[in-house]
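The block underneath contains the structure these notes are about, expressed in structure tokens.
In the text below, chain A, chain B and the rest are named by the order of the sequence lines, each starting its count at 1.
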There are 2 protein chains.
Amino acid sequence: MAREAGVSPSTVSRALNGTGYTAPQVRERVRAAAARIGYIPDANARSLRNRSSRSVGVLISDLRNPFYADLAAGIEQVLRAAGYHMILVNDDGSAEEELLAVQTFAAMRVSGVIITPVSSRSVKSLREHGINVVQADRRAGTRHGDAVLGDNEQGAELVTEHLLALGHRRIALLIDETKWTTGAGRLAGYRAAHEAAGVPLDEKLIAFTTSFEAEAARGATAELLDAHPDVTALFAANNVIAQGAFQEIQRRRIAVPRKLSLAAYDDVPWMSMVRPGITTVTQHTVSFGKRCAEVLLSRLDGAAEQEPTIIHVQPELVVRASTAAPR
Amino acid sequence: MAREAGVSPSTVSRALNGTGYTAPQVRERVRAAAARIGYIPDANARSLRNRSSRSVGVLISDLRNPFYADLAAGIEQVLRAAGYHMILVNDDGSAEEELLAVQTFAAMRVSGVIITPVSSRSVKSLREHGINVVQADRRAGTRHGDAVLGDNEQGAELVTEHLLALGHRRIALLIDETKWTTGAGRLAGYRAAHEAAGVPLDEKLIAFTTSFEAEAARGATAELLDAHPDVTALFAANNVIAQGAFQEIQRRRIAVPRKLSLAAYDDVPWMSMVRPGITTVTQHTVSFGKRCAEVLLSRLDGAAEQEPTIIHVQPELVVRASTAAPR
DNA sequence: CTAGGTTGTGGCAACGATTCCACATGGCAA
DNA sequence: TTGCCATGTGGAATCGTTGCCACAACCTAG
């Protein structure tokens, strides 16, 4: 390239990047030569020299789950606009895969990582490598560092309050885990709403699913309905569980909301397509993703040693037709 | 790192990569030192030296569309297992964004790109930069090079045959574009099935939507139903159009399939959640994505100058409850 | 006329890993 | 003893870019 333009490599660099002195006609000559031979500066050489790349690692659990897909879509949109690109890795909820991805990101000298963490080891490991981390949606172990989180407790409280206000007294909670801050928060909100309303809570109405699959949630719903026929409302703690619950309810031809109310957490497309539409809590997932990317970018821009940014995304109750007063 | 292990950089490289001679105890010493200081080889330096990276660019139109999300999920799964990682870029169906992404990929010296192409320029540009390209789902302009495609003509024929066999004679086609091979193929299949059945086709029943949004499809559906009340079946040429059509049908409280049959292309979750379930053509999208990655990987492995691989994924009709004989 | 500043360019080292080549050591056969 | 091969290690060049430094040309003020 330097040969093609008849100048030194230094001058090429200055001309193309606009740093330092360059005579206008030389700059033009270099530009013309670059266009002529289709020259594109090598990003690897640049990263090597600068000790940082324009890449950001994004580590999520399951791209097929619309929640994560929307999150990634929001992240990518903001990163792309800022001239970064996204290395996307699915960890399938596995801590081992997550650690492997961390290795990869470290090797690539990414300028940051946005992660829906599975284990705290990965987050710790990233920090040890001096990589900026933004935890998205939930936090694993560590209480510090940048994070963009939903207010799970408040969201679950909104749903539960809504059901209690309709007159429900036997409200079951279907949930997959409570180790993560998401599950723990939603459970806490469910409890808090009962407490606030002075309604006693039957612990047996908290049903745990055995895996992250919708099919497991369907099974759990079946067991719950068999064991407690007096339940009048079901609160599914995420979109996958809601799917399983909905399928089981459909299979049994239970009239919703006449015989049973159903509410969910996270708004995904099928919830507004089915009849009755599902009452749920939306977290505006695409904007959620955008916020994550913005927090990371401002960390990259600004002085590294700022206070950690913790953003709480406001959950919002979307009332549809799947919830009504019990008979 | 070389200092830490007390050996030369050359030896570190040989020990860690297992290339050339290395004494077992030295190899062990190097490994131990690497583990002790958390050493991870710099991928940029490696890529610079090797003139190739372990990255693959993936360029899709819209991550929020479950078709693309599933495709990307399949691709990522196979790439990750093979030690590659995925740079994911959304082009929002814009040729400009697509070209920008091509620049990025070229700069990164990715070992290949998997693309659902918008314009043929991008594909040509990638080839000119000596980058391996696999076209996924559709082809833009160029007829050669590796590709993994659905058999759109056959898929559309399956749907149309199914409707014709049920006795429908006024079958409308809702479609967004016919410039891409997907749209063109589906239109051709719709025509071919009519031809084969000897049923005359009313060209006015082919309705074009004005954008890629579901809302546009809803509008197009409304106009179509107003203009041609004698239509007994609707064939939506993709999942987004199907969503718009379904919403309009729901809004009008048209009884499906009693008064109107509805069929779609591509199977996405809501289609099996709603009642009646939507009859559609599945392309097994996740496997579709896996195939794309496999084709690329074998191109990277094998001699570069092999014949182009063209894979046609077999479409499959999924009959659900949204289609029935007309009254 | 000279000193010092401004503008513009090239040379060189460095980033970190790889790979060829040179070279050292030791064993073994002639 | 000499020569050769196998084994193992280090040195140096290289990949492409950047940024510091030196230096050259020219201008301007004293």
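- Considering all non-hydrogen atoms of both residues, A/Asn90 and B/Glu76 come closest at N-OE2, 3.1 Å.
- Using a 4.0 Å cut-off between charged nitrogen and carboxylate oxygen, A/Arg80 and B/Asp92 count as a salt-bridge pair.
- Across the protein-nucleic acid pair, A/Arg46 atom CZ and C/dG16 atom P stand 18 Å apart, rounded to whole Å.
- As a whole-Å value, the separation of B/Arg49 CZ from D/dA13 C1' is 8 Å.
- Not a single donor-acceptor pair, N or O on each side, falls under 3.5 Å between the base of D/dG16 and the side chain of B/Arg109.
- Across residues 5-12 of chain A, A/Val7, A/Ser8, A/Ser10, A/Thr11 each have a non-hydrogen atom less than 4.0 Å from an atom of DNA chain C (numbered order).
- The distance between atom CG of B/Asn50 and atom P of D/dA13, rounded to the nearest whole Å, is 20 Å.
- Between D/dT9, D/dC15, C/dG8, one nucleotide has an atom nearer to the side chain of B/Leu48 than all others, and that is D/dC15.
- Side-chain nitrogen and oxygen atoms of B/Asn44 include none within less than 4.0 Å of the OP1 or OP2 phosphate oxygen of C/dC15.
- Side-chain N/O atoms of B/Ser8 and B/Thr11 include a donor and acceptor closer than 3.5 Å.
- For A/Arg14 and C/dG10, the shortest distance from a side-chain N or O to OP1 or OP2 is not below 4.0 Å.
- Taking atom CE of B/Met108 as the reference point, atom P of D/dG16 lies 17 Å away to the nearest angstrom.
- Applying the 4.0 Å criterion to OP1 and OP2 of D/dG8, one finds that B/Tyr21 has every side-chain N and O outside that range.
- Comparing D/dT17, C/dT9, D/dC15 by their closest approach to the side chain of B/Arg51 singles out D/dC15.
- With contacts defined as side-chain heavy-atom distances shorter than 4.5 Å, the pair B/Val134/B/Arg299 does not qualify.
- Set against D/dT17, D/dT9, D/dC15, the side chain of A/Tyr39 has D/dT17 as its closest nucleotide.
- Map A/Met1 and B/Val26 each onto its nearest nucleotide of DNA chain D; the residue landing nearer the 5' end is B/Val26.
- B/Asp146 is not listed as a side-chain neighbour of B/Ile310, based on a closest heavy-atom distance of 4.5 Å or more.
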